[in-house]
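Down below is the structure, laid out as structure tokens.
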Amino acid sequence: MNILLIKLPLRSVLIVPFILQLFTTVGLIGWLSFRSSQTSVEEVAHQLRSEISNRIEQKLNQFLEVPHLINQLNLDAIKSGYIDIDNIQGLKRHFWLQLQSFKTINFILFGSEKNKFIGVGRFNYSGNLLMMKADSSTQGSIQFHELDIQGNPQKLVRETANFPIRQRPWYRAALPTNQSVWSPIFTYHAYSEMVLPASVVVKDNQGKVLGVLASHLFLNQVSEFLKSIKVGKSGQTFIIERSGLIVASSSLNRPFLVNKQGKSQRIKAIESSDKVLQETAIFLLKRFGGFKNITTQQQLDFIHQNKRELIQVLPYSDQRGLDWLIVVVVPESDFMEKIQQNKEKTIFLCFLALCISVILGVLTARWIMKPILKLNQDSQKIAQGKLEEIQQKIEFQGITELEILSQSFNQMVSQIKEAFETLEIRVEERTIELKKAKESAELANRAKSLFLANMSHELRTPLHAILGFTQLMIRQSHSDFELSENLEIVNRSGEHLLKLINEILDLTKIESGKTQINPNCFNLYSCLKTLEQMFELKAKSKKIDLIFELDNSLPQYIKTDESKFRQILLNLLSNAIKFTSKGKVILRVKTESKPDQKLGFTQPQLTLDFEVEDSGAGISPDELDQVFEAFMQTETGRKSQQGTGLGLAISQKFIQLMGGDIQVSSILNQGTIFKFHLQVDRAQSEDLKKIQPEKVVIGLAKDQVKFRILVVDDRLTNRQLLLRLLSPLGFEVAEAENGQEALKIWHEWQPHLILMDMRMPVMDGYEATKQIKSHLKGQATVIIALTASVFEEERAIVLSAGCDDFVKKPFREYNLLEKIAHYLGVRYLYAPDLPPLEALAQTPTPLITPDALKIMSSEWLTALHYSAAAADGEQILKLVQQIPPSHNPIAEFILVLVNNFSFDQIMDLAQKATQK
């Protein structure tokens, strides 16, 4: 029977499970083999580190015992009368004989209480023997003589004046005890040697101190021993003191440095030039919190340059004051090299087995796939829309599943051919419509951007003049309180108009994704209290109740974007009061943050839930879906003829940017509830930014250069504003109405600073700035750009043109003058002001009663009350400056209240003073 006529199920020839099983089995065996080898190597590494540490410990015991042995032998010889400490020549001969046997000793010394001193030794391991001597014949100096092979002194090599023996560390260290002790390590930088002194006190039979014996030990031989120990391929060992200073190392030439003045300085392990030694010390310091905390033997590991380093730390100490750490560091790669090679072989074998399995699978699959190749090709033609190339039906025999599939496929092809012609026509028509819509949308978007840019400039430019001249008039009207108050009203109205313009532009920024959250810390209680006071009068005038229901668990200080937070609540509360004629308006605030039951503390981030409920006109159900759309107003809003229809839209966008969401529910003629939540962080009182008063500049300090400032602006009002602001202060000011005229004046007049408008006819500020900065002398001219644009992208463009800084119109007088002072180093004369708030906060200030405020006029008290209700700290500071100097305690007390955000107390004082 022909095998092709046999009908077989497709699943009987699947090979994928076979390949997966084979690969899994081989991989598992290889992994187990690798882990077993790795465990064995770790055990070997553990034994190796322990063995090396023990060898070093044994060597140190032998090496460090020598100086104490010498001291004890000499002490016994003195007590037995074998040597006489008053016989300098005898001592010298005895020390010389001992040094012939002990090559590791630097010097053997004896210093007496009578300031006599004798010592024999060498400055380096292979150097000639020297004799050190100090007695009455040397007049307090110490002399160094070379010794010949018989130990007799020859020529004088060196002499050191004023060498007090009894002040040497090794001498003083021996006095408190009767046994041989160690004193601090010191260095011979000229000989690249480091020495460890051991000393013991010499007393007579009555216990009187006669002098001190000392034996100085060369420590360089410890480093040589460490270098002789082979620790794997690239391992190393080192010894450090508990203070972190290196005693010996197998990787350093010497464990100390010599500075330019020729003085030696020992090296800290964490500052070593050897990176492995340095990183090991830093790791141990961080792991144990200090070298002194390592009290037992430790075996650790850490990562250095993406490689695992194995560490053995062994504390080493003795009863004579020595307390060191022996450290062995071995790269894991030294042991894992063979395992890595075996791993690569295992991977190669697994890959080879997989390849063989795949080849067998492909050969098997080819036999299966051959009959369905035609089906696959025709399916691709259908996907590419080439139905006309399918000329004949597909017929399969031999495989049951494919035979059924071919019949279904033929039916599908017939149906697709019928529908394709109609679908192609519809797609073509829809494509043309979408293309036209896209072009229209791009055109509208470009027109919108151009409109916003122009509107920003055209609206903010006249506002710049209004607010600027208002600030000038306020400066000149302190003597007339009523005029000053009227000007403040004009100024606040201009600021409000600017805020409305920015509101429209902010909405556009939000829609374009350019608005950012600027979190800061503030007093939540004070903020909510300020809002309550702001709307209290308005609510009372409409005879409705304003209720703030605050949860007791609310934190006092939080961190989020205060400006946007305040704007959201202002919009919602303002709308609630505006559309409520009777009843009440309620603000509810609570927190969802709860203490963690497992950890036992409150999480630093929490969620605040807000509800603004009113009993007003309500919103009809068919208008609820539109309340958050820009420029859309409900029927009630249209009747009121108030607002722009942007408040709720901006509030929703701000809430979403701050990680929250807002919902609305309403019943017509019964009221509305807005609910939203925000994600905030907890803060502390010390995180709050303190309010600083703006000083009023009245002129330039004496003995300064006559500063020249060029004002460049195409609008006369803007130039007049800057002329009237700067000239009375003492600046020399010139003006130009375009960039071309500015270039001419700059060449002739050489101003120190230029205030440059960026949009001007003839030549704009960008081109003028580039031409000025292209000259060498232009690099010294400070150029500050003045622009009415509110887009942050403008800042980058202005700075790239060469401007030194950027000021937006309308600007505050104080900010502009501070910019000028920053770049020119100008010193100003200021109007008499009050002490800094920090000083007031640190000195006790007596409480002020309402009667004390009666020295001020009723208009002043009213202005103070409204400024406190609006939480306007800057306006309060201006009002405080009007208090006579003879009543400074009143001013200081009000400033303390402002600095503590206690606006409610200021309102209470002002209100009671007015009533009395």
For this session: Check the pair F731 / L700 against side chain to side chain contact (heavy atoms under 4.5 Å, CB included), numbers first and verdict last.
Result: CA-CA 8 Å; F731 291 105; L700 299 180; 3.7 Å; yes
For [X] and [Y], indicate whether the former's side chain and the latter's backbone hold a donor-acceptor pair under 3.5 Å.
X: Q567; Y: S651; answer: no
X: S800; Y: I797; answer: yes
X: D805; Y: I783; answer: no
X: Y828; Y: L817; answer: yes
X: K542; Y: K578; answer: yes

Any side-chain heavy-atom pair of [X] and [Y] under 4.5 Å:
X: H747; Y: K777; answer: yes
X: N815; Y: V807; answer: no
X: L678; Y: I655; answer: yes
X: F707; Y: L726; answer: no
X: P884; Y: M856; answer: yes
X: T560; Y: N520; answer: no
X: I662; Y: F674; answer: yes
X: V711; Y: D757; answer: no

Supply the atom-to-atom distance [X] [atom1] to [Y] [atom2], rounded to the nearest 0.5 angstrom.
X: L531; Y: E536; atom1: CG; atom2: CD; answer: 12.5 Å
X: D764; Y: R759; atom1: CG; atom2: CZ; answer: 10.0 Å
X: L786; Y: C803; atom1: CG; atom2: SG; answer: 9.5 Å
X: N575; Y: L572; atom1: CG; atom2: CG; answer: 7.0 Å
X: L743; Y: H775; atom1: CG; atom2: NE2; answer: 8.0 Å
X: I876; Y: L864; atom1: CD1; atom2: CG; answer: 6.0 Å

Exercise. Run the side chain to side chain contact (heavy atoms under 4.5 Å, CB included) check on I709 and L755 step by step: do they pass?
Worked result: CA-CA 7 Å; I709 298 178; L755 298 175; 4.3 Å; yes
Which atom names give the shortest non-hydrogen contact between [X] and [Y], and what distance separates them?
X: V782; Y: L824; result: CG2-CD2, 4.4 Å
X: G802; Y: T769; result: C-CG2, 3.7 Å
X: W749; Y: V733; result: CH2-C, 4.1 Å
X: W860; Y: L879; result: NE1-O, 3.1 Å
X: A891; Y: V880; result: CB-CG1, 3.5 Å
X: I745; Y: A736; result: CD1-CB, 3.9 Å

Problem set entry | Basic-acidic side-chain contact under 4.0 Å: R708, E732 | no
Exercise. Between R719 and D713, is the closest basic N to carboxylate O distance under 4.0 Å?
Worked result: no
Exercise. What about F610 and F565, are their ring centers closer than 6.0 Å?
Worked result: yes
Problem set entry | N738: partners by side chain to side chain contact (heavy atoms under 4.5 Å, CB included), with sequence neighbours left out | Q740, E741, V762
Seminar exercise, completed: By salt bridge (Lys or Arg N to Asp or Glu O under 4.0 Å), K773 pairs with (sequence neighbours left out) D804
Problem set entry | Residue K702 excluded, over 12 heavy atoms near NZ under 6.0 Å | no
For this session: Just do the side chain to side chain contact (heavy atoms under 4.5 Å, CB included) check on L725 and E813 with the steps written out, would you?
Result: CA-CA 8 Å; L725 170 63; E813 167 194 320; 3.6 Å; yes
For this session: Give the intermediate values and the outcome of side chain to side chain contact (heavy atoms under 4.5 Å, CB included) for residues L816 and L722.
Result: CA-CA 10 Å; L816 179 63; L722 292 168; 3.7 Å; yes
